[in-house]
Asker: 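Sharing a structure, written as structure tokens. Questions coming.
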Amino acid sequence: MLQVSYIRENREEVLNRLSVKNFKSVELVDQIIKLDDDRRQTQTKLDSIAAEANASAKKIGELMRQGLKDEAESLKQQSNNFKEQTKDLSDKLSAIEILLQNELVLLPNLPHVSVPKGKSPEENVVVLEHGQIPQLMPNALPHWELAAKYDIIDFELGNKIAGAGFPVYKGKGAKLQRALINFFLDHADKVGYREMQPPIVVNEASGFGTGQLPDKEGQMYHIGVDNLYLIPTAEVPVTNLYRDVILKEEELPVKNCAYTPCFRREAGSYGAHVRGLNRLHQFDKVEIVQVVHPNNSYEVLEDMSTYVQSLLRALELPYRVLSLCGGDMSFTSAKTYDMEVWCAAQARWLEVSSVSNFETYQSNRLKLRFKSKEGKSQLAHTLNGSALALPRIVASLLENNQTEQGIKIPAALVPYTGFEYIN
RNA sequence: GGAGAGAUGCCUGAGUGGCCGAAAGGAACAGUUUGCUAAACUGUCGUACUGGUAACGGUACCGAGGGUUCGAAUCCCUCUCUCUCCGCCA
């Protein structure tokens with residue numbers, strides 16, 4: 001959520017930057033400014049009447065104590081007016097505040113100046129490519145067939161006990177999952193991320209804090225009886241740890257990581273391009289989250305991108321980094337890098353990580369602030385990234401590393417799996 | 001699931017209708033002093049909105065929402081959460 005004061009003071013800039021996200025709504029911005037004007041006026045009026053009412057109530061108290069009953073009574077009569085006026089004004093004020101809030105959440109985050117213009121994924125900018133595109137043997141298979149061939153991931157069995165998109169990992173397939181999770185957590189630990197194990201259900205307030213609610217309600221699994229949501233990413237519980245928190249400046253940066261299963265309804269996405277592990281309802285992910293000083297959030301974004309790349313290099317996967325164009329960036333992000341790995345048998349790039357700087361967009365909703373030594377508090381910047389999501393990593397490992405002897409496990413991962421081949 | 005108790009500032013905790021944005025203690029921060037890993041003293045010490053160039057004001061907030069009243073941390077209603085005991089249980 002953008003800050004109204006910023007919008008007021010930088011109307012032109014806000015409009016320009018929103019246009020990078022192809023968001024053209026001069027009317028909405030002006031409406032917000034107008035509502036805020038109303039809000040201020042109403043507030044000022046209400047405050048001054050409340051001040052009078054308070055003074056008068058205080059006076060009545062004094063008169064009563066002095067035993068001046070008649071004078072107190074007549075003052076009471078007058079004070080009755082205040083009641084209605086303050087009630088009307090405060091009703092009006094809260095109505096305006098709700099309107100303002102409703103409009104404000106319609107505005108996406110402002111893209112950073114370095115974000116490329118563009119409307120569709122084709123206009124994302126490839127920042128770098130790394131690694132060799134592997135040449136596969138002639139009879140190479142896509143990962144869903146490899147999974148069946150080696151009996152390591154069972155989609156049918158998952159269908160039976162839960163439904164499509166809930167695979168069962170078996171034997172070395174299950175061990176590979178566990179190995180990847182530990183591999184990712186150990187690496188995060190080494191670069192200073194503190195491991196957290198958050199709940200994998202969250203309440204409404206948390207869903208709102210990171211922006212899943214109200215607009216993406218349909219994307220989350222909802223547990224009706226207890227009004228809880230299954231998390232779509234660890235970002236939600238881990239970032240919400242800092243909801244309504246004022247940190248000390250010296251506590252920054254906060255670096256947390258967490259492994260969690262993630263649950264996504266993915267309503268409306270079906271078809272061949274979501275086969276196998278490409279898109280699931282439940283998957284595993286290690287997420288990294290930082291809360292940082294506004295002065296260096298873009299340095300941190302680069303660090304996080306470099307860190308995610310180091311994981312892909314360690315796994316010897318060919319990858320590329322995209323700087324997302326305005327039109328392809330999420331509603332809440334100010335700048336996003338996507339990491340995509342090459343999936344050789346499908347011959348396509350698959351997104352395995354998304355690293356974003358949200359600036360104050362999340363922290364404004366979360367009321368996540370830090371206090372400087374001078375005692376001033378201001379909104380912190382939040383960032384997060386996948387490091388990494390498992391299914392597509394597994395897909396590319398299977399497809400890229402298939403050999404006559406079976407699936408070759410990258411050397412860095414062998415200490416975690418305890419085996420060198422899946423065969 | 002049954003019974004009871006409670007929710008006040010960073011923490012402990014007082015406050016049962018006006019003199020309470022809130023005692024006291026602790027923590028923290030700053031200063032003074034004495035000196036040796038610390039003590040004593042003094043001061044500062046919530047958040048948000050709002051008026052003002054500023055100085056300095058105003059308003060709201062004592063779990064959340066509503067109500068009574070000229071006036072609510074205090075009375076009434078609803079909700080949420082926490083704790084204790086019993087039951088069940090990984």
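All figures in this text were calculated on a predicted structure; none of them were measured in a lab. In the text below, chain A, chain B and the rest are named by the order of the sequence lines, each starting its count at 1.
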Asker: Going from NZ on A/K367 to CG on A/D244, what distance comes out if it is rounded to the nearest 0.5 angstrom?
Answerer: 5.5 Å

Asker: Report the distance from atom CG of A/D244 to atom C1' of B/C61, rounded to the nearest whole Å.
Answerer: 13 Å

Asker: Heavy atoms only, 4.0 Å cut-off, all strands: where does A/S48 land among base, sugar-phosphate and nothing?
Answerer: nothing

Asker: What distance, rounded to whole Å, do you find between the two P atoms, one in B/C19 and one in B/U84?
Answerer: 37 Å

Asker: Is there a Watson-Crick or G-U wobble partner for B/C36 with both distances under 3.5 Å, and which nucleotide is it?
Answerer: none

Asker: Determine the contact category for A/I246: base if any of its heavy atoms lies under 4.0 Å from a base atom, sugar-phosphate if only primed atoms, P, OP1 or OP2 are that close, otherwise nothing.
Answerer: sugar-phosphate

Asker: Compare side-chain N and O positions of A/T86 against OP1 and OP2 of B/U59 and report whether any pair is under 4.0 Å apart.
Answerer: no

Asker: Give, for atom CG of A/L107 and atom OG of A/S25, the distance between the pair rounded to the nearest 0.5 Å.
Answerer: 7.5 Å

Asker: Go ahead and name the base partner of B/C41; Watson-Crick or wobble counts if both distances stay under 3.5 Å, otherwise write none.
Answerer: B/G31

Asker: For the P atoms, the ones on B/U82 and on B/G26, what distance do you get once it is rounded to whole angstrom?
Answerer: 32 Å

Asker: Now, which nucleotide makes the Watson-Crick or G-U wobble pair with B/A64, with each of the two distances under 3.5 Å?
Answerer: B/U78

Asker: Could you tell me which nucleotide pairs with B/A54 by Watson-Crick or G-U wobble geometry, both distances under 3.5 Å, or answer none if nothing does?
Answerer: none

Asker: Determine the interatomic distance between C1' on B/C83 and the same-named atom on B/A24; round to the nearest Å.
Answerer: 25 Å

Asker: State whether A/K58 places a side-chain N or O below 4.0 Å from either non-bridging phosphate oxygen (OP1 or OP2) of B/G71.
Answerer: no

Asker: Please determine whether a side-chain nitrogen of the Lys or Arg among A/E73 and A/K76 lies less than 4.0 Å from a carboxylate oxygen of the Asp or Glu.
Answerer: yes

Asker: Taking the C1' atom of each, how far is B/G87 from B/A3, in whole Å?
Answerer: 11 Å

Asker: Give, for atom CZ of A/R178 and atom OG1 of A/T417, the distance between the pair rounded to the nearest 0.5 Å.
Answerer: 10.5 Å

Asker: From the list B/G67, B/U59, B/C70, which nucleotide is the closest neighbour of the side chain of A/N54?
Answerer: B/U59

Asker: Please report, rounded to the nearest Å, how far the P atom of B/A64 is from the CG atom of A/N203.
Answerer: 16 Å

Asker: Closest approach to the side chain of A/S377, judged atom by atom: which nucleotide of B/A48, B/C70, B/G67 is it?
Answerer: B/A48

Asker: I need the CG-C1' distance between A/L379 and B/A48, as an integer number of Å.
Answerer: 12 Å

Asker: Determine: side-chain N/O of A/K59 to OP1/OP2 of B/C70, distance under 4.0 Å, yes or no.
Answerer: no

Asker: Could you tell me how far B/C81 sits from B/A14 if I compare only their C1' atoms? Round to whole Å.
Answerer: 23 Å

Asker: Does a side-chain N or O from A/R369 land closer than 4.0 Å to OP1 or OP2 of B/U47, or not?
Answerer: no

Asker: Go through B/A48, B/G58, B/C49 for me and flag the one nearest to the A/Q43 side chain.
Answerer: B/C49

Asker: Under 4.0 angstrom, heavy atoms only, what part of the nucleic acid is A/S56 near: base, sugar-phosphate, or nothing?
Answerer: nothing

Asker: Go nucleotide by nucleotide along RNA chain B from the 5' end; which of A/R40 and A/A57 gets its closest nucleotide reached first?
Answerer: A/A57

Asker: Looking at every non-hydrogen atom in both residues, tell me the closest pair between A/Q402 and A/A345 and how far apart they are.
Answerer: NE2-CB, 4.0 Å

Asker: If I take atom CD1 in residue A/I96 and atom P in nucleotide B/A60, what distance separates them, rounded to the nearest angstrom?
Answerer: 18 Å

Asker: Rounded to whole angstroms, how far apart are CD on A/E251 and C1' on B/C10?
Answerer: 12 Å

Asker: Does B/G18 have OP1 or OP2 sitting under 4.0 Å from an N or O in the side chain of A/R65?
Answerer: no

Asker: When rounded to the nearest Å, what value does the distance between C1' atoms of B/G4 and B/A22 take?
Answerer: 30 Å

Asker: For B/A48, what is the paired nucleotide under Watson-Crick or G-U wobble rules, both distances under 3.5 Å?
Answerer: B/U59

Asker: Using a strict 4.0 Å threshold on nitrogen-to-oxygen distance, state whether A/D38 and A/K34 make a salt bridge.
Answerer: yes

Asker: With both distances kept under 3.5 Å, what pairs with B/A22, Watson-Crick or G-U wobble?
Answerer: none

Asker: Sort out the partner of B/A73 for me: Watson-Crick or G-U wobble, both distances under 3.5 Å, none otherwise.
Answerer: none

Asker: How about A/V394 and A/I153: do any of their side-chain heavy atoms sit closer than 4.5 Å?
Answerer: yes

Asker: Base, sugar-phosphate, or nothing: which does A/K248 touch, judged by heavy atoms less than 4.0 Å apart?
Answerer: nothing

Asker: Please confirm whether A/K172 makes a cation-pi placement over A/F419, using NZ or CZ under 6.0 Å from the six-membered ring centre and within 45° of the ring normal.
Answerer: yes

Asker: Could you check which of B/C70, B/G67, B/U59 has an atom nearest any side-chain atom of A/A51?
Answerer: B/U59

Asker: Paired with B/A14: which nucleotide, if any, by Watson-Crick or G-U wobble criteria at under 3.5 Å for both distances?
Answerer: none

Asker: Which whole-number value in Å describes the distance from A/D37 CG to B/C49 P?
Answerer: 16 Å

Asker: Without decimals, in angstroms, what is the distance between A/D91 CG and B/G65 C1'?
Answerer: 14 Å

Asker: Quick one: do A/K119 and A/E123 make a salt bridge, cutoff under 4.0 Å?
Answerer: no

Asker: Mind checking A/L75 for me? I need base, sugar-phosphate or nothing, with any heavy atom below 4.0 Å counting as a touch.
Answerer: nothing

Asker: Considering only the P atoms, how many Å lie between B/C36 and B/G43, rounded to the nearest integer?
Answerer: 27 Å

Asker: Roughly how many Å is it from NZ in A/K87 to C1' in B/U68, rounded to a whole number?
Answerer: 13 Å

Asker: If you measure from the P atom in B/C20 to the same atom in B/A27, how many Å do you get, rounded?
Answerer: 26 Å

Asker: A/A55 or A/K83: which one's nearest nucleotide on RNA chain B is closer to the 5' end?
Answerer: A/A55

Asker: Measure from the side-chain heavy atoms of A/M64 and tell me the nearest of B/G18, B/U47, B/G58.
Answerer: B/G18

